[in-house]
Engineer: 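I have a structure here, written as structure tokens, and I will follow up with some questions on it.
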Amino acid sequence: MLNVIPVAAGSNLAMEIFTNIGSMKNTGFEIALNTIPVITKNLTWDFNVNMTYNKSEITKLNTVDSDTYGAETGFISGTGKYVQTHAIGYAPYTFYLAQQAYDEDGNPLEGQYVQEDGSVSSNEYRRRTKSPQPKVYMGISSKVTYKDWDFGFNAHASFDNYIYNAIKADDYKESLFEGSTYNNLLRATYENGFDKQRLYTDYFLENGSFFRMDNITVGYTFPKLGNTGMNLRISAAVQNVFVITGYSGLDPEAFYRQGNTTYPGIDKNLYPRPRTYMVGFNLNF
């Protein structure tokens with residue numbers, strides 16, 4: 001793992017060097033199950049599922065590591081505005097945010113954060129929190145064939161991954177009127193009541209767990225076309241069928257790309273995935 005670290009004065013032309021010094025530990029397991037639960041003369045059912053559990057932990061970042069040191073990452077806007085960090089004992093890209101304080105009715109208190117001792121104040125005390133990396137990732141596929149009909153689907157799911165909703169965080173009431181023009185505001189901005197931009201509150205950090213149906217296909221095969229020996233299959237398919245998630249943003253599989261760098265778990269400029277409908281004709285001879 002590469003990192004920019006300080007070096008002793010006079011030992012190099014610069015006070016910092018970009019060097020291969022870091023290390024990381026990955027532990028986990030993967031399970032795959034491929035089955036044919038039903039097989040008869042006219043009916044066949046194939047079902048496949050795989051599940052992956054993984055835990056990543058950074059074990060070294062500097063010549064002398066400490067609990068307080070962290071390499072900033074997760075750039076969101078402006079100069080030096082980051083919401084993630086690489087730190088010893090944590091997963092890469094762990095979110096680094098202030099814990100939002102709430103009133104008795106569960107509404108966020110603007111500019112008020114929970115401190116290290118549990119008190120509440122305007123001090124924007126930031127701490128390492130959730131990770132954008134899912135703890136469990138799952139894939140499912142199935143196909144059913146009944147006589148000349150066939151039906152199949154593919155889906156995947158992610159559990160316990162977190163997303164920073166930068167779209168909401170970058171929207172606040174005072175941005176309604178700037179210069180001589182009015183801007184559109186999100187409905188969520190009126191719900192949270194933030195007058196000023198509050199980029200570092202974990203109010204905008206959401207659980208991004210989801211189940212996505214990637215595609216569904218149904219088809220019918222005409223086994224014989226006259227005396228030609230050819231067969232014809234007609235099919236219909238849908239891609240990006242639906243997503244089940246509690247995430248309030250556009251897509252729970254969010255990332256932010258800035259130049260050549262990609263930051264996982266930051267929803268800022270993601271283009272929506274289209275839903276595609278297709279009809280197919282396959283002639284075999």
Side-chain angles (χ1 to χ4, degrees), residues 2-4 16 18 58 61 68-87 90-102 107-114 121-134 161-208 210 245-273:
L2 301 173
N3 190 23
V4 178
E16 294 180 327
F18 190 57
I58 295 174
L61 279 175
T68 58
Y69 173 75
E72 290 184 327
T73 186
F75 170 83
I76 50 172
S77 66
T79 302
K81 294 181 179 179
Y82 297 88
V83 294
Q84 293 174 327
T85 183
H86 298 313
Y90 293 86
Y93 298 98
T94 293
F95 289 104
Y96 190 55
L97 300 166
Q99 184 179 344
Q100 179 65 50
Y102 297 84
N107 300 312
L109 297 170
E110 182 172 11
Q112 298 296 306
Y113 309 99
V114 179
S121 77
S122 59
N123 177 37
E124 208 168 47
Y125 172 71
R126 298 167 67 184
R127 65 191 77 192
R128 301 176 183 105
T129 176
K130 304 294 186 177
S131 169
Q133 299 181 1
N161 57 294
Y162 281 78
I163 303 172
Y164 174 80
N165 195 326
I167 301 295
K168 287 184 177 181
D170 200 34
D171 206 60
Y172 51 99
K173 289 183 177 180
E174 289 185 359
S175 66
L176 174 63
F177 183 76
E178 293 180 339
S180 59
T181 60
Y182 282 94
N183 301 313
N184 290 322
L185 294 183
L186 300 173
R187 181 174 299 177
T189 302
Y190 291 96
E191 294 174 354
N192 64 47
F194 290 166
D195 291 321
K196 298 183 181 297
Q197 189 181 52
R198 305 292 179 181
L199 294 177
Y200 301 127
T201 169
D202 67 358
Y203 177 82
F204 299 111
L205 189 63
E206 303 182 43
N207 191 312
F210 68 89
T245 182
Y247 178 58
S248 65
L250 190 65
D251 193 327
E253 292 185 273
F255 61 90
Y256 175 43
R257 183 180 295 277
Q258 177 70 15
N260 295 323
T261 305
T262 299
Y263 303 106
I266 296 179
D267 186 358
K268 185 174 176 64
N269 62 350
L270 192 67
Y271 193 79
R273 303 185 186 200

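The structure displayed is predicted, hence computed values, not measured ones.
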Engineer: Sequence neighbours excluded, which residues qualify as side chain to side chain donor-acceptor pair (under 3.5 Å) partners of Gln258?
Structural biologist: Tyr256
Engineer: Is there a side-chain contact between Ile163 and Tyr247 in this structure, where contact means two heavy atoms from C-beta onward sitting under 4.5 Å apart?
Structural biologist: yes
Engineer: Closest heavy-atom contact between Gly265 and Pro132?
Structural biologist: CA-CB, 3.7 Å
Engineer: Nearest 0.5 Å, what's the CG-OH distance between Asp251 and Tyr271?
Structural biologist: 13.0 Å
Engineer: Does the side chain to side chain contact (heavy atoms under 4.5 Å, CB included) test come out yes or no for Asp202 and Phe95, once each step is laid out?
Structural biologist: CA-CA 9 Å; Asp202 67 358; Phe95 289 104; over 6 Å; no
Engineer: Under a 3.5 Å distance rule, please check whether Gln112 uses its side chain to pair with a backbone N or O of Tyr102 as donor and acceptor.
Structural biologist: no
Engineer: What's the shortest heavy-atom distance between Gln133 and Ala91, and which atoms?
Structural biologist: OE1-CB, 4.4 Å
Engineer: Nearest 0.5 angstrom please: Thr245 OG1 to Asn207 CG, how far?
Structural biologist: 7.5 Å
Engineer: Can the ring centres of Phe194 and Tyr203 be said to be less than 6.0 Å apart?
Structural biologist: yes
Engineer: Nearest heavy-atom pair of Lys173 and Thr189: which atoms, and what distance?
Structural biologist: N-CG2, 3.8 Å
Engineer: With sequence neighbours left out, what residues match Arg198 under side chain to side chain donor-acceptor pair (under 3.5 Å)?
Structural biologist: Glu110
Engineer: Run the side chain to side chain contact (heavy atoms under 4.5 Å, CB included) test on Tyr93 and His86 for me, step by step, so that the C-alpha distance in whole Å, both residues' side-chain angles and the decisive distance to 0.1 Å come before the verdict.
Structural biologist: CA-CA 6 Å; Tyr93 298 98; His86 298 313; 3.9 Å; yes
Engineer: Please collect all salt bridge (Lys or Arg N to Asp or Glu O under 4.0 Å) contacts where either partner lies in residues 252-266, sequence neighbours excluded, each pair once.
Structural biologist: Arg212-Glu253, Glu253-Arg273
Engineer: Please round to the nearest 0.5 Å and tell me the distance separating atom OH of Tyr164 and atom CG of Asp267.
Structural biologist: 11.0 Å
Engineer: After noting the C-alpha distance and the side-chain angles of Tyr90 and Thr85, does the key distance pass the side chain to side chain contact (heavy atoms under 4.5 Å, CB included) rule?
Structural biologist: CA-CA 9 Å; Tyr90 293 86; Thr85 183; over 6 Å; no
Engineer: Please find the pair of heavy atoms, one from Gln84 and one from Pro264, that lie closest to each other, and give the distance.
Structural biologist: NE2-O, 2.9 Å
Engineer: Looking at Glu206 and Asn165, what are the two nearest heavy atoms and their distance?
Structural biologist: OE2-ND2, 3.3 Å
Engineer: What's the spacing between Ile266 CD1 and Ile167 CD1 if we round to 0.5 Å?
Structural biologist: 11.5 Å
Engineer: Looking at Leu199 and Ser77, what are the two nearest heavy atoms and their distance?
Structural biologist: CD1-OG, 4.0 Å
Engineer: About how many Å separate CG of Leu205 and NZ of Lys130, when rounded to the nearest 0.5 Å?
Structural biologist: 8.5 Å
Engineer: Rounded to the nearest 0.5 Å, what's the gap from OH on Tyr82 to CD1 on Ile76? Could you check?
Structural biologist: 10.5 Å
Engineer: Please report the C-alpha distance between Gln100 and Phe204 in whole Å, then the side-chain angles of each, then the deciding distance to 0.1 Å, and finally whether the side chain to side chain contact (heavy atoms under 4.5 Å, CB included) criterion is met.
Structural biologist: CA-CA 9 Å; Gln100 179 65 50; Phe204 299 111; over 6 Å; no
